[in-house]
Amino acid sequence: MSAAADRHRRALELPVVEAAAALVGCTITHGECSGLIVETEAYHETEPACHAFAGLTPRTWPLFEAPGLAYVYRSYGIHALLNVVVEPAGDGAAVLIRALEPLAGIHHMVERRGRTSPTDLCSGPGKLTQALGIGLELNATPLLGGPVALGPPPPGHDAEPVLVAGPRIGITRAIELPWRFCAAGNRNVSRPWPPGLLG
DNA sequence: CATGGGATTGACT
DNA sequence: GTCAATCCCATGC
């Protein structure tokens with residue numbers, strides 16, 4: 001078994017910031033659709049941008065479960081956003097999946113998204129859930145052996161990806177934390193990073 | 001019980 | 001660059 005083959009399982013055992021970095025290069029699969037994770041963000045209960053900062057509530061309880069659950073919530077009344085719950089039970093932490101590189105089931109993604117550009121299918125946290133058909137009904141389902149599956153890097157992607165870290169997107173609190181991780185040079189990220197970092 | 005604010009996107013100027 | 005759509009739920013009275 002190569003190191004890449006269980007990178008996703010090892011990521012689930014790490015503290016949330018390290019887990020966010022380690023999950024870049026793993027895969028998300030739902031039904032016939034799958035994509036390579038190219039962008040993530042870490043959220044932890046100790047900082048106010050995290051939903052778990054409010055404590056254990058009817059909305060946030062999955063964040064405090066054992067690692068490996070999906071946390072799916074509605075954003076802006078419209079979009080479903082997918083997170084990977086990490087850290088031991090009792091600690092509220094999760095990794096937001098912000099962008100995927102489409103790998104399989106692309107014609108389903110095109111149907112659901114109503115767009116054909118491959119870099120406009122999964123290049124955002126709301127886009128990728130729409131493309132893969134992931135809705136709120138999948139909240140708190142397991143990512144190992146559940147309907148939405150977290151998987152290892154696919155063939156041809158087993159090298160550790162080069163990462164670019166930066167501030168998280170779209171939040172108003174704890175904006176100083178560099179807890180966003182992107183696969184360097186990948187065109188499927190939700191937003192370009194600052195000029196000059198691409199080399 | 002009323003209110004306000006989003007971990008966003010797409011359409012438009 | 002601006003802005004509306006749309007709804008769950010945390011918060012405050």
Side-chain angles (χ1 to χ4, degrees), chain A residues 11 15-24 28 35 37-65 67 69-87 91-102 109-141 143 148 150 163-183 187-195:
Chain A
V16 64
V17 178
E18 294 169 48
L23 285 171
V24 175
I28 294 288
I37 298 172
V38 298
E39 180 179 350
T40 61
E41 285 175 1
Y43 287 87
H44 190 264
E45 60 175 308
T46 52
E47 45 89 13
C50 182
H51 291 176
F53 186 73
L56 190 60
T57 72
R59 180 200 205 189
T60 63
W61 69 265
L63 293 170
F64 295 89
E65 295 292 304
L69 279 192
Y71 172 57
V72 185
Y73 74 96
R74 189 172 294 292
S75 176
Y76 290 92
I78 301 175
H79 308 287
L81 269 57
L82 172 66
N83 296 252
V84 176
V85 173
V86 296
E87 303 210 358
D91 292 349
V95 176
L96 172 67
I97 307 301
R98 282 195 59 89
L100 304 175
E101 177 181 322
M109 299 184 189
V110 169
E111 276 176 23
R112 294 194 187 103
R113 290 273 303 131
R115 299 176 187 235
T116 55
S117 168
T119 54
D120 199 21
L121 293 176
C122 299
S123 56
K127 294 179 184 180
L128 71 91
T129 54
Q130 184 188 12
L132 270 64
I134 296 172
L136 300 185
E137 71 280 3
L138 294 167
N139 185 36
T141 57
L143 290 164
V148 179
L150 175 67
L163 300 184
V164 178
R168 295 174 293 179
I169 305 292
I171 58 172
T172 58
R173 297 185 289 182
I175 58 177
E176 73 282 2
L177 297 173
W179 284 5
R180 176 187 184 224
F181 300 95
C182 297
R187 308 298 153 177
N188 294 276
V189 298
S190 64
R191 297 179 147 177
W193 33 78

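Only a predicted model underlies this, so the values are computations on that prediction, with no experimental measurement involved. In what follows, every chain begins at residue 1, and chains take the letters A, B, ... in the order their sequences are listed.
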Using nucleotides 9-13 of chain C, report all nitrogen or oxygen pairs with the protein that are shorter than 3.5 Å.
from, atom 1, to, atom 2, distance (Å)
C:dA10, OP1, A:Thr57, OG1, 2.7

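- Rounded to whole Å, the separation between the P atoms of C:dA4 and B:dG4 comes to 16 Å.
- Residues A:Leu132 and A:Leu100 meet the side-chain proximity criterion, which asks for heavy atoms closer than 4.5 Å.
- Residue-environment remark: CD1 (A:Ile175) stays at or below the threshold of 12 foreign heavy atoms within 6.0 Å.
- When distances run from any side-chain atom of A:Arg74 to the nucleotides C:dC7, C:dA5, B:dT8, the shortest one goes to C:dC7.
- Proximity of A:Thr172 to the phosphate of B:dG6: a side-chain N or O atom is located under 4.0 Å from OP1 or OP2.
- A:Ser190 and A:Arg98 are linked by a side-chain donor-acceptor pair at a separation below 3.5 angstrom, with hydrogens and angles left out of the test.
- In this structure, A:Arg113 contributes its side chain and A:Asp120 its backbone to a donor-acceptor pair below 3.5 Å.
- For A:His51 and A:Tyr43, the ring centers are positioned 6.0 Å apart or more.
- Within 4.0 Å (heavy atoms only), A:Arg115 reaches sugar-phosphate atoms of the nucleic acid but no base atom.
- A:Arg98 has a side-chain polar atom (N or O) that falls below the 4.0 Å cut-off from OP1 or OP2 of B:dT8.
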Bracket notation of DNA chain B in which parentheses pair within the strand, [ ] cross earlier pairs, and | pairs with another strand (Watson-Crick or G-U, under 3.5 Å): ||||||.|||||.
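- Taking the nucleotide of DNA chain C with the nearest heavy atom to each of A:Leu136 and A:His79, the more 5' of the two is matched to A:His79.
- With hydrogens and angles ignored, no donor-acceptor pair closer than 3.5 Å exists between the side chain of A:Tyr76 and the base of C:dA5.
- No side-chain donor from either of A:Gln130 and A:Arg112 sits under 3.5 Å from a side-chain acceptor of the other.
- Separating the CZ atom of A:Arg113 from the C1' atom of B:dA11 is a distance of 14 Å, rounded to the nearest angstrom.
- Computed from coordinates, the A:Leu81 CG to C:dC8 P distance equals 15 Å when rounded to whole Å.
- Qualifying salt bridge (Lys or Arg N to Asp or Glu O under 4.0 Å) partners for A:Arg173, counting only residues two or more places apart in sequence or in other chains: none.
- Look at NZ on A:Lys127: it is 13 Å from C1' on B:dA11, rounded to the nearest Å.
- The pair A:Glu47-A:Arg168 counts as a salt bridge, with a side-chain nitrogen and a carboxylate oxygen less than 4.0 angstrom apart.
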Before giving the answer on side-chain contact (heavy atoms from CB on, under 4.5 Å), spell out for A:Leu143 and A:Val148 the whole-Å C-alpha distance, their side-chain angles and the decisive distance to 0.1 Å. CA-CA 6 Å; A:Leu143 290 164; A:Val148 179; 3.8 Å; yes
